[in-house]
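Taking it in order: structure first as C-alpha cells, then the write-up.
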Amino acid sequence: MVSNLPAEAKNKWAEVAACHSTPEKIRLMREFISLVPKHKGTAKLLANVRRRIAALEEEVEKAKARKKGGHGGFSVPKEGAGQIIILGPTKVGRSSLLASVTNAKVEVSPILYATRKPVIGMLPFKDVQFQLIEAPALVEGASEGKMGGTQVLGLARNADGVVLMVDLSEDPVSQYRMMQSEMEQAGIMVQKSEGEVEVIRRSVGVGVQVVGGGVLVDCTPEDIRRMLESYNINSALVRVRGKVALDDIEGSLFSSTVYKPALIVANKLDAPGTEETLQRLKMALREAEIPILPVSCHSNQGLDDLGRCIFEMLGVIRVYTKEPSDKEPSPKPMVVKKGTTVIGIAKELHSSLYRRFRFRRVWGASAKYPGQKVGSNHMLKDGDVLEIH
Ligand SMILES: Nc1nc2c(ncn2[C@@H]2O[C@H](COP(=O)(O)OP(=O)(O)O)[C@@H](O)[C@H]2O)c(=O)[nH]1
Ligand SMILES: [Mg+2]
C-alpha cells in the first residue's frame with residue numbers, strides 16, 4: 001500500500017518533482033527516502049526511487065566526463081515521423097537492415113560487435129519518413145552497463161518505438177527474452193502488462209483529467225484527484241490503459257517506467273531450417289501482442305512491409321491541414337497519435353488558436369461527405385484533410 005505515506009514524505013516528493021537541478025534533486029530524493037517508513041508496502045517504491053537516484057548520479061558523472069572531453073551518452077535529435085531504435089544482439093543483421101531499407105552508409109560485417117556508435121538512416125513510407133537508428137549490440141548485462149548498455153538502452157528510452165531484431169538461424173526466442181529482460185530492468189516495458197499508467201504533469205490549470213479508456217478497478221476519478229492533490233499535483237493528465245488500481249497510479253509517481261511500442265523483426269528467413277524457429281518464436285510470443293515481421297535482408301523478403309508495420313506500431317495517422325483560401329492542402333502531413341481530434345490539431349498548430357477558431361471542415365475517411373462541417377471533438381482518420389478558419 002503506497003497510500004499510507006506521511007504528509008511530510010508527500011510534500012518532499014512534490015519538491016522533488018518541482019526541482020530542475022540534478023544534484024539538488026538527488027539530495028531531495030535522499031531526504032524523501034529518509035521520510036518513508038520501511039516496510040513491505042513501500043519496498044517497491046523505495047527500489048524505484050533508489051534506481052532513479054542511481055540513474056541521475058550516472059547522468060552527473062557523464063556530464064563531468066563530457067566536460068573533460070570524454071564521451072557521454074548517445075543522443076540523436078529526432079527527425080521525420082518517428083524515431084525507431086533497432087536493437088539486437090550482435091550479428092542479427094541490424095546493419096544489413098539499415099543498408100537494405102535506407103540510404104545510410106553502413107558497415108555489414110561478419111565481425112562481432114562491429115557497430116559501436118548509432119548509425120542513422122531514413123525509411124520512406126508513403127509521404128512520410130521514419131528515422132531508423134542502428135544501436136550498438138545489446139548484450140546480456142546491458143542494464144548493468146555492460147558493453148555501453150546504459151547508452152544503448154538510453155537510446156531506446158528516448159525513441160518513439162523499438163524494433164527488436166532476432167536471428168532465425170540462431171535461437172530467436174532466447175534472444176528476444178534477453179532483450180526484453182534487459183529493457184525491463186532498465187524500466188522500459190514492451191510487453192503490455194495488465195494495466196498501464198502514466199501521469200503527465202501539466203503546468204496550466206486544466207485540473208486532473210483521466211484519459212486513455214482504461215478501467216479503474218477500485219477508485220473514481222475523484223479519488224485520483226484527491227490522491228494527486230496530496231502530492232501537490234493539481235493539474236495532470238492521467239493516462240490509463242487496461243485495469244488500474246489507485247495504488248498503481250500512486251506508484252507510477254515514483255517509477256520512471258516507460259512503455260514503448262515494439263515490433264519484432266525476425267531476420268535471415270532465407271537460411272535453412274528457419275521455418276521451424278519462426279514457429280517457435282510465434283508460439284513463445286502468442287500472448288505478448290507484439291507483431292512479428294519475418295524478413296531476409298539478403299533476399300529482401302518481407303522488407304516491403306517494414307514501413308507499414310512501423311506506422312501501425314506507432315499508432316499514428318497523417319492529417320493534412322489547409323486554410324480556406326488554399327486550393328490544395330499542405331503537401332506534408334502532420335503525424336499525430338490515433339484518436340487525435342480537431343481541437344488536438346489546433347492545439348498542436350498554435351496554442352492560442354484553439355480558443356479562437358470556430359469553423360472546421362473535413363475531407364477524407366472520417367468525413368460523412370467531402371467538406372463536412374465538424375465539431376472540436378471530431379476524431380480524425382489517416383489521410384484526412386482539415387480546413388481550419
Ligand atoms: N543468411 C543471411 N545472413 C544475413 C542476413 N542479414 C545479415 N546476414 C549476415 O549476418 C552477418 C551480420 O550482419 P550485420 O548486418 O553486420 O549484423 P549486425 O551486427 O546486427 O549489424 C553478416 O555476415 C551478414 O551477411 C540475412 O537476411 N540472411
Ligand atoms: Mg552492425
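What's counted below: heavy atoms across the whole structure, side chains too, no hydrogens, waters or symmetry copies. Read the numbers this way: they start at 1 and go in the same order the structure lists the ligands and their atoms.
- By the 4.0 Å N-to-carboxylate-O rule, R27 lies close enough to E24 to be salt-bridged with it.
- Between S95, A137, P136, it is S95 that holds the heavy atom closest to atom 21 (O) of ligand 1.
- In this structure, the ring of Y320 has its center no less than 6.0 angstrom from the ring center of W363.
- Heavy atoms of E134 approach ligand 1 to within less than 4.0 angstrom.
- Judged by distance alone, the side chain of N267 and the main-chain N or O of V92 form a donor-acceptor pair under 3.5 Å.
- Judged as a salt bridge (Lys or Arg N to Asp or Glu O under 4.0 Å), and not counting sequence neighbours, the contacts of R280 are D171, E276.
- When non-hydrogen atoms are compared, ligand 1 lies under 4.0 Å from the backbone of V92 as well as from its side chain.
- Using a 4.0 Å cut-off to heavy atoms of C297, the atoms of ligand 1 that qualify are 6 (N), 26 (C), 27 (O).
- With distances taken over non-hydrogen atoms, the option nearest atom 11 (C) of ligand 1 out of Q301, K268, H298 is K268.
- E134 has its closest N, O or S atom to the Mg ion (ligand 2) at the position named OE2.
- In summary, D127 and R318 engage in a salt bridge, as defined by a charged side-chain N under 4.0 Å from a carboxylate O.
- Shown in contact with S96 at under 4.0 Å from a heavy atom are these atoms of ligand 1, numbered in order with element: 6 (N), 7 (C), 13 (O), 14 (P), 15 (O).
- On a distance-only criterion, G93 and ligand 1 share at least one N/O pair closer than 3.5 Å.
- Below 4.0 Å from some heavy atom of R94 lie the following atoms of ligand 1, by number and element: 15 (O), 17 (O), 18 (P), 19 (O), 20 (O), 21 (O).
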List, one per line, each side-chain donor-acceptor pair under 3.5 Å for residues 301-311, sequence neighbours excluded.
| residue | atom | partner | partner atom | Å |
| --- | --- | --- | --- | --- |
| R308 | NH1 | E312 | OE1 | 3.4 |
| R308 | NH1 | E312 | OE2 | 3.4 |

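- No option in K327, R360, R361 other than R361 meets the salt bridge (charged side-chain N to carboxylate O under 4.0 Å, His left out) test with E387.
- Ring centroid separation for the pair Y231 and W13 does not come in under the 6.0 Å cut-off.
- For S96, every N, O or S atom stays at 2.8 Å or more from the Mg ion (ligand 2).
- Residue L97 does not touch ligand 1, judged by heavy-atom distances below 4.0 Å.
- Under a 4.0 Å criterion applied to the non-hydrogen atoms of D270, ligand 1 contributes the atoms 1 (N), 2 (C), 26 (C), 27 (O), 28 (N).
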